[in-house]
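Residue numbers start at 1 and run along the sequence shown.
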Amino acid sequence: MIKWGILSTANIAQKQIIPALQAAENSEVYAIASESNKSKQVAETLNIPKAYDSYMELLADPDIEAVYVPLPNSLHKKWVIEAANKGKHILCEKPAALHSADLREMTNACAENNVLFMEAFMYQFHPQHQRVKEIIASGEIGDVKHMRAAFTFQLDLNKSDIRINPELGGGSIFDIGCYCIHASLFLLDQEPKEVYVSGNIPANVGVDLTASGLLTFDNGITAGFHCSFEEPMTHQYEIFGTKGAIRVPFAFRPDLRDGEGIISITDENGEAREEHVSGDQYLLQVEHFSTSILQQQPINKGKLSNKNLGVIEACYQSLRTKSPVKVEKVK
């Protein structure tokens with residue numbers, strides 16, 4: 001069993017990750033820390049043995065082997081490096097950092113301290129995506145030509161929220177567009193050479209509430225993405241080939257449907273079939289990470305995270321300049 005510490009009482013920790021860790025066969029939620037005097041109450045409610053009033057206190061606990069970091073985006077760098085220096089393995093919420101240089105410092109610190117690091121893109125652990133990869137590899141839809149992905153939901157803009165706070169790394173691309181971009185890299189197994197993005201950045205908010213972009217790859221494949229805090233909930237992607245198409249309507253949050261994913265495949269004649277694939281992506285993610293610690297497997301050295309963040313940076317540059325931006329390849 002891997003003993004976990006949780007840095008923050010954030011909602012995602014309480015509602016998704018802590019229950020997943022408590023359900024996992026190889027994980028134990030051992031401690032939680034908060035710097036807003038909430039840790040003891042949350043620990044009692046969720047049956048967590050230890051509660052700390054500071055993150056450094058938790059990191060100093062020698063019994064804790066791994067930590068989950070769901071802090072605001074702007075704080076990821078500091079606490080990932082602090083955790084690494086204390087010898088803790090780290091599962092860090094997405095986006096792992098706001099700048100590629102910061103992420104390199106974080107992964108270097110993890111490497112120097114011989115600890116594992118993984119960015120918490122939980123969606124990729126749902127088995128529907130591996131099945132999509134198998135369908136593409138089989139040639140059933142022919143040569144892939146285009147992918148488009150969307151992740152939207154309506155955020156109450158009248159309430160204080162870290163997702164619309166520019167100082168904390170807010171913005172729709174950082175919060176949900178990152179899933180669409182990550183899925184493009186993950187499923188197509190390529191890096192784009194250029195991006196072009198437009199969107200809505202109200203002056204009174206200071207972050208992108210909506211953004212749409214196009215990624216162009218070396219071989220002519222394109223991938224479009226759309227993300228928004230101003231539209232009803234959708235989380236899907238489609239992949240178009242020369243012989244057919246694949247549609248995944250519940251791509252990023254199948255947990256909202258009790259873990260059920262649907263893959264719809266349409267052939268060149270318009271005939272369609274469906275496959276249903278179920279899984280608990282949060283549980284699969286934490287079990288995978290704990291297993292990797294137990295088996296001392298270097299599951300993620302940050303390369304895909306670096307690629308994804310490099311594309312995100314280019315997207316924000318394009319959004320600011322209103323022009324196409326070249327993407328630097330990650331070595």
Side-chain angles (χ1 to χ4, degrees), residues 10-13 15-17 19-20 68 70 73 91-96 118-133 135-136 146-155 161-163 169-189 199 208-213 215 223-240 245-264 274-286 288-289 300 304-305 307-309 311-312 315:
N11 282 338
I12 190 170
K15 294 180 179 179
Q16 274 87 32
I17 298 298
Y68 169 59
N73 299 335
L91 177 65
C92 179
E93 261 310 320
K94 37 54 57 187
M118 189 171 79
E119 189 176 17
F121 274 109
M122 77 299 176
Y123 85 93
Q124 66 187 312
F125 292 94
H126 194 285
Q128 64 181 334
H129 308 297
Q130 184 58 42
R131 180 61 189 135
V132 167
K133 283 191 164 189
I135 294 168
I136 293 171
H146 180 67
M147 176 175 173
R148 64 185 179 205
F151 198 165
T152 65
F153 68 92
Q154 290 179 318
L155 189 64
D161 195 300
I162 62 172
R163 291 170 290 191
S172 65
I173 296 177
F174 270 138
D175 190 59
I176 47 180
C178 64
Y179 285 95
C180 302
I181 295 167
H182 191 277
S184 299
L185 307 187
F186 176 60
L187 294 166
L188 301 178
D189 195 26
D208 51 300
L209 298 182
T210 296
S212 297
L215 316 181
F225 75 87
H226 178 71
C227 54
S228 180
F229 294 148
E230 303 177 285
E231 300 168 21
M233 178 68 154
T234 185
H235 51 108
Q236 63 183 4
Y237 64 72
E238 296 172 279
I239 300 171
F240 301 90
I246 301 169
R247 180 171 181 262
V248 180
F250 310 110
F252 305 120
R253 293 296 308 275
D255 54 294
L256 299 177
R257 295 170 43 86
D258 295 323
E260 182 188 29
I262 296 176
I263 303 169
S264 176
E274 278 189 358
E275 295 185 12
H276 292 245
V277 184
S278 294
D280 184 335
Q281 58 192 13
Y282 289 103
L283 176 62
L284 291 167
Q285 174 181 243
V286 298
H288 179 81
F289 194 74
N300 187 336
L304 182 55
S305 296
K307 290 179 180 179
N308 197 55
L309 187 53
V311 177
I312 290 171
C315 286

message: Is a donor from one side chain sitting under 3.5 angstrom from an acceptor on the other, for S228 and T152?
response: no
In R253, H182, H129, the residue satisfying side-chain hydrogen bond (donor to acceptor under 3.5 Å, both in side chains) with Y123 is H182
Sequence neighbours excluded, the answer for side chain to side chain contact (heavy atoms under 4.5 Å, CB included) partners of S212 is H226
Distance col, row L188:CG vs I239:CD1, nearest 0.5 angstrom, shows 6.0 Å
- Assess the side chains of S264 and E274: does a donor N or O sit below 3.5 Å from an acceptor N or O? no
Minimal heavy-atom distance between T210 and F229, with the atoms involved, is OG1-N, 4.5 Å
- Task: Any chance you could lay out the side chain to side chain contact (heavy atoms under 4.5 Å, CB included) test for F174 and I312, step after step, and finish with the verdict?
- Result: CA-CA 7 Å; F174 270 138; I312 290 171; 3.6 Å; yes
Heavy-atom side-chain proximity of M147 to Y237 below 4.5 angstrom: yes
Are the side chain of Q281 and the backbone of F252 linked by a donor-acceptor contact shorter than 3.5 Å?
-> yes
E275 meets the salt bridge (charged side-chain N to carboxylate O under 4.0 Å, His left out) criterion, sequence neighbours left out, with R131, R273
Between S172 and D208 (side chain of the first, backbone of the second, donor and acceptor by atom type, cut-off under 3.5 Å), is there such a pair? yes
d(D189 CG, L187 CG) to nearest 0.5 Å is 9.5 Å
| query | Given the rule in the side chain to side chain contact (heavy atoms under 4.5 Å, CB included) test, do T234 and F151 qualify, once you have shown the distances and angles that lead to the verdict? | reply | CA-CA 5 Å; T234 185; F151 198 165; over 6 Å; no
| message | Between Q128 (side chain only) and F250 (backbone N and O only), is there a donor and an acceptor less than 3.5 Å apart? | response | yes
A149 and C180 have their tightest heavy-atom pair at CB-CB, 3.7 Å
Rounded to the nearest 0.5 Å, the CG atom of L215 sits from the CD1 atom of I181 at a distance of 6.0 Å
Residues P19 and A13: closest non-hydrogen pair is CD-O, 3.9 Å
Measure the shortest side-chain to side-chain distance between I173 and C178 over non-hydrogen atoms and say whether it is less than 4.5 angstrom.
no
P127 and L284 have their tightest heavy-atom pair at CD-CD1, 3.9 Å
Could you go through the salt bridge (Lys or Arg N to Asp or Glu O under 4.0 Å) check for K94 and E119 one step at a time? CA-CA 6 Å; K94 37 54 57 187; E119 189 176 17; over 6 Å; no
Does a side-chain heavy-atom distance below 4.5 Å link F225 with V311?
no
In this structure, CE of M122 is separated from CG of D280 (nearest 0.5 Å) by 10.5 Å
Practice task
For the pair H288 and F125, evaluate side chain to side chain contact (heavy atoms under 4.5 Å, CB included) and give the outcome as yes or no after the intermediate values.
Solution key: CA-CA 9 Å; H288 179 81; F125 292 94; 3.4 Å; yes
P249 side chain reached by R247 side chain, heavy atoms, under 4.5 Å
yes
Chi angles and distances behind the side chain to side chain contact (heavy atoms under 4.5 Å, CB included) call for V286, Y68 | CA-CA 10 Å; V286 298; Y68 169 59; over 6 Å; no
Taken to the nearest 0.5 Å, the spacing of L209 CG from Q154 CD works out to 12.0 Å
(request) Check the angle between the aromatic planes of F121 and Y179 and answer parallel, tilted or perpendicular using the 30° and 60° thresholds. (result) perpendicular
Separation between CG (D255) and NZ (K15), nearest 0.5 Å, reads 12.0 Å
Is there a side-chain contact between D161 and R163 (heavy atoms, below 4.5 Å)? yes
Review point. Is it true that the NZ or CZ of K133 lies under 6.0 Å from the centre of F186's six-membered ring and within 45 degrees of the ring axis?
Key: yes
Here the pair of heavy atoms bringing P254 nearest to H126 is CG-CD2, 3.4 Å
